[in-house]
Student: 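Before anything else, here's the structure in question.
Side chains included, hydrogens not; waters and symmetry mates left out as well; all remaining heavy atoms used. Chain identifiers are assigned alphabetically (A, B, ...) following the order of the sequence lines, protein sequences preceding nucleic acid strands; residue numbering begins at 1 within each chain.
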Amino acid sequence: MNINLTLIGQMVAFVCFVVFCMKYVWPPLLAAMQEREKKIADGLAAADRANHDLELAKEKAVERLKEAKGEAAGIIDSANKRASQIVEEAKQAATVEADRVKASAQAEIEQETNRAREQLRAQVAALSLAGAEKVLGKSIDKSVHAELVDQLASEL
Amino acid sequence: MAGETQTVSEYIVHHLTNLTYGKLPAGYERYDGSVVGEGGAWVMAHGGEEAAAMGFNAIHVDSMAWSIGLGILFCWLFRRMAVKATSGVPSGMLNAVEMIVDFVDGTVRDTFHGRNKLVAPLALTIFVWVFLMNLMDLIPVDLIPHTMMLLGVDYHKIVPSTDPNITMGMAVGVFILMLYYSIKVKGFGFVKELTLNPFNHWVFIPVNLFMEVVGLLAKPFSLGLRLFGNMYAGEMIFILIAALFSAGLAWAVPAGLLQIGWAIFHILVITLQAFIFMVLTIVYLSMAHEDH
């Protein structure tokens with residue numbers, strides 16, 4: 001346990017190792033560690049940002065979906081409206097057509113009736129004339145009495 | 001182990017003697033009866049008495065070799081990792097080294113508030129180097145000294161931190177740094193601190209100076225002697241337990257268990273002592289930087 005030159009030797013060695021550590025060990029190690037720390041922090045921040053973006057995108061998607069749903073409902077609504085309108089129009093057209101057909105049918109019927117009546121009348125006139133001729137026995141001048149019979153017939 | 005030709009006390013003394021190379025004074029009678037001639041002689045000491053006779057002109061070859069060897073191991077290992085270190089994913093040894101560096105860096109940041117590029121590497125060097133030197137304590141006490149004896153080297157002490165020269169050498173190095181930074185940072189304020197504290201009156205200057213100088217000198221002494229004392233005591237207990245083996249076969253098992261138990265406990269001590277040496281160095285340097 002003597003104090004001797006070892007003390008000085010240890011001091012010199014101490015200085016050498018500290019200087020070596022200060023020059024060649026500490027700076028590169030710490031630089032690498034700090035760089036890695038920064039890299040990790042950046043990575044975490046990026047992940048956070050991505051998460052946030054995802055959240056936003058989700059929200060946006062939900063909004064879009066809602067919008068699309070609304071739009072679809074509108075389209076269906078207007079389509080329904082249009083369909084009922086078309087049906088209404090068709091109904092109207094059909095009624096009009098039916099009326100028209102009915103009217104023309106009625107007109108035809110009337111025409112037919114008139115014609116039948118004319119024919120009947122003419123036949124009646126002829127029949128009555130013929131009857132009268134038979135009753136009176138050839139005494140009747142056809143031409144003189146024709147006017148009379150016609151008048152009679154038109155009164156029928 | 002204490003052999004047939006060795007008593008227990010001889011065994012212990014043998015284990016506590018450094019391999020010393022130094023200058024014997026003129027007229028000293030050596031162990032073999034030869035007398036050192038005019039002007040002294042540089043020789044390997046044969047035993048503690050000759051080493052003591054050498055005085056200051058001696059060097060503990062074993063302490064120096066192990067201390068420098070472990071220092072070089074530290075530098076080599078950490079330098080290799082420093083070259084390998086990138087900002088990518090670290091692995092293996094690099095992880096361990098970075099953990100130590102991060103730990104030291106955190107401690108320095110917590111304790112030292114000034115700006116100094118030296119303190120952190122200094123703390124790292126002290127921590128790892130002292131730890132490695134203390135770690136030698138865990139190598140079985142007889143393994144290397146006995147091997148060296150078979151190789152023809154009489155004395156060998158492998159734990160550098162059980163040599164007060166080694167611990168005090170580091171403490172004095174720290175002390176010089178403390179003085180340097182005190183003067184650099186505080187300038188004349190350092191003289192004021194020594195003379196006008198704690199009694200701020202010119203009459204008390206001698207009293208203050210005495211108290212402050214004692215306080216200042218106590219720092220390196222406590223730093224160096226604490227490490228030395230702890231490691232020396234630990235080593236001593238290892239040697240005493242090892243000496244038990246010579247007490248007969250019946251003692252072999254309890255001695256072995258004791259050795260293992262003490263070694264496990266000592267893992268804590270060597271780490272703690274390295275840590276304390278580092279923290280105190282940081283604290284002392286931090287105090288040197290504080291301007292009142």
Side-chain angles (χ1 to χ4, degrees), chain A residues 1-70, chain B residues 16 18 20-22 48 51-52 54-61 63-64 67-68 71-72 74-75 77-79 81-90 94 97-98 101-102 104-105 117-118 120-122 124-126 128-129 160 163-170 172-174 176-177 228 232:
Chain A
M1 266 194 285
N2 321 299
I3 294 295
N4 53 30
L5 280 171
T6 315
L7 184 92
I8 311 290
Q10 176 71 3
M11 272 169 66
V12 173
F14 184 45
V15 170
C16 291
F17 290 138
V18 170
V19 167
F20 181 87
C21 182
M22 195 169 79
K23 284 243 161 79
Y24 301 109
V25 174
W26 191 263
L29 263 176
L30 214 71
M33 283 165 69
Q34 272 166 354
E35 205 182 312
R36 183 177 321 126
E37 210 168 286
K38 197 173 154 287
K39 228 168 153 182
I40 292 171
D42 285 354
L44 285 178
D48 266 359
R49 228 176 305 123
N51 256 344
H52 186 68
D53 284 356
L54 184 68
E55 205 89 332
L56 276 184
K58 263 185 189 162
E59 252 168 55
K60 214 176 255 178
V62 166
E63 216 166 280
R64 273 283 159 78
L65 203 63
K66 222 188 264 174
E67 235 169 67
K69 264 183 189 162
Chain B
L16 293 178
N18 282 103
T20 312
Y21 180 77
M54 285 169 178
F56 192 76
N57 282 331
I59 192 154
H60 292 158
V61 181
S63 290
M64 271 335 289
S67 149
I68 292 173
I72 287 170
F74 154 71
C75 285
L77 180 68
F78 275 62
R79 174 63 191 162
M81 290 304 140
V83 169
K84 232 172 86 175
T86 58
S87 60
V89 180
L94 185 57
V97 165
E98 284 193 358
V101 169
D102 196 45
V104 171
D105 193 40
K117 280 201 163 122
L118 174 72
L122 174 76
L124 178 71
T125 310
I126 285 176
V128 180
W129 196 18
D163 184 345
N165 288 295
I166 297 294
T167 60
M168 284 312 292
M170 296 179 82
V172 170
V174 172
I176 290 169
L177 278 176
F228 161 69
Y232 189 79

Student: Given a strict heavy-atom distance threshold of 4.5 Å, which part of K84(B) is in contact with chain A: side chain, backbone, both, or neither?
Tutor: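 Contact with chain A is absent: no heavy atom of K84(B) under 4.5 Å.
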
Student: Under 4.5 Å between any side-chain heavy atoms of E98(B) and L29(A), yes or no?
Tutor: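 Answer yes - side chains close enough.
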
Student: Taking the side chain as everything from C-beta on, heavy atoms only, tell me whether I8(A) gets closer than 4.5 Å to F56(B).
Tutor: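 Yes, at least one pair of side-chain atoms sits under 4.5 Å.
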
Student: So which heavy atom on G55(B) is nearest to which on N4(A), and how close?
Tutor: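 Residues G55(B) and N4(A), closest heavy atoms: O-CB, 3.6 Å.
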
Student: State the CZ-CH2 distance between F17(A) and W129(B), to the nearest 0.5 angstrom.
Tutor: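 Between F17(A) CZ and W129(B) CH2, I get 5.0 Å after rounding to 0.5 Å.
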
Student: Give, for atom CG of L124(B) and atom CE of M22(A), the distance between the pair rounded to the nearest 0.5 Å.
Tutor: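 Nearest 0.5 Å value for the CG-CE distance: 13.0 Å.
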
Student: What part of F20(A) is in contact with chain B, defined as an atom under 4.5 angstrom from a non-hydrogen atom: side chain, backbone, both or neither?
Tutor: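 Interface part for F20(A): side chain.
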
Student: With a 4.5 angstrom heavy-atom cut-off, is it the side chain or the backbone of L177(B) that approaches chain A, or both, or neither?
Tutor: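 Neither part; nothing is under 4.5 Å.
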
Student: When heavy-atom pairs shorter than 4.5 Å are enumerated against chain B, which of A13(A), C21(A), P28(A), P27(A) gives the highest number?
Tutor: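 Looking at each of A13(A), C21(A), P28(A), P27(A) in turn, C21(A) comes out on top.
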
Student: Can you tell which of P160(B), A85(B), G22(B), G71(B) has the highest number of heavy-atom pairs within less than 4.5 Å of chain A?
Tutor: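 Highest number of heavy-atom pairs under 4.5 Å: G71(B).
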
Student: Are L118(B) and V18(A) side-chain neighbours, meaning at least one heavy-atom pair lies under 4.5 Å?
Tutor: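 Sidechains of V18(A) and L118(B): in contact.
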
Student: Please rank T167(B), V61(B), I68(B) by heavy-atom pairs under 4.5 Å with chain A and give me the top one.
Tutor: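 Heavy-atom pair counts peak at I68(B).
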
Student: Can you tell which of M11(A), K39(A), M33(A) has the highest number of heavy-atom pairs within less than 4.5 Å of chain B?
Tutor: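 Most heavy-atom pairs within the cutoff with chain B belong to M33(A).
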
Student: Chain A: which of S63(B), P90(B), S67(B) shares the most heavy-atom pairs with it under 4.5 Å?
Tutor: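 That would be P90(B).
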
Student: At a 4.5 Å cut-off on heavy atoms, which part of Q34(A) comes close to chain B: side chain, backbone, both, or neither?
Tutor: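 Interface part for Q34(A): side chain.
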
Student: Rounded to the nearest 0.5 Å, how far does CE of M170(B) lie from CG of L7(A)?
Tutor: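 Between L7(A) CG and M170(B) CE, I get 12.0 Å after rounding to 0.5 Å.
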
Student: Do Q10(A) and N165(B) make a side-chain contact, defined as non-hydrogen atoms from C-beta onward lying under 4.5 Å apart?
Tutor: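 The answer is no; the side chains never approach within 4.5 Å.
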
Student: Looking only at non-hydrogen atoms, find the nearest pair between A82(B) and V25(A) and report the distance.
Tutor: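 Where A82(B) meets V25(A) most closely, the heavy atoms are CB-O, 3.8 Å.
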
Student: If you measure from CE on M168(B) to OG1 on T6(A), what distance do you get to the nearest 0.5 Å?
Tutor: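 M168(B) CE to T6(A) OG1: 13.5 Å, rounded to 0.5 Å.
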
Student: Considering only heavy atoms and a distance below 4.5 Å, find which of T20(B), V83(B), L94(B), T86(B) pairs most often with chain A.
Tutor: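 Heavy-atom pairs under 4.5 Å are most numerous for T86(B).
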
Student: What residue in F14(A), W26(A), Y24(A) has the most heavy-atom pairs under 4.5 Å with chain B?
Tutor: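 Maximum pair count with chain B is reached by W26(A).
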
Student: Please classify the contact of V97(B) with chain A as side chain, backbone, both or neither, using a heavy-atom distance under 4.5 Å.
Tutor: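 When you check distances to chain A, only side chain atoms of V97(B) fall under 4.5 Å.
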
Student: Between A51(B), G173(B), G48(B), G169(B), which shows the greatest number of heavy-atom pairs under 4.5 Å with chain A?
Tutor: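 Heavy-atom pair counts peak at G169(B).
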
Student: Between R36(A) and G88(B), is there a donor-acceptor pair closer than 3.5 Å when you use the side chain of the first and the backbone of the second?
Tutor: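 Judged by distance alone, yes, a pair lies under 3.5 Å.
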
Student: Do you know which of L30(A), I40(A), V12(A), V15(A) has the most heavy-atom pairs with chain B at a distance under 4.5 angstrom?
Tutor: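 Of the options given, most contacts go to L30(A).
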
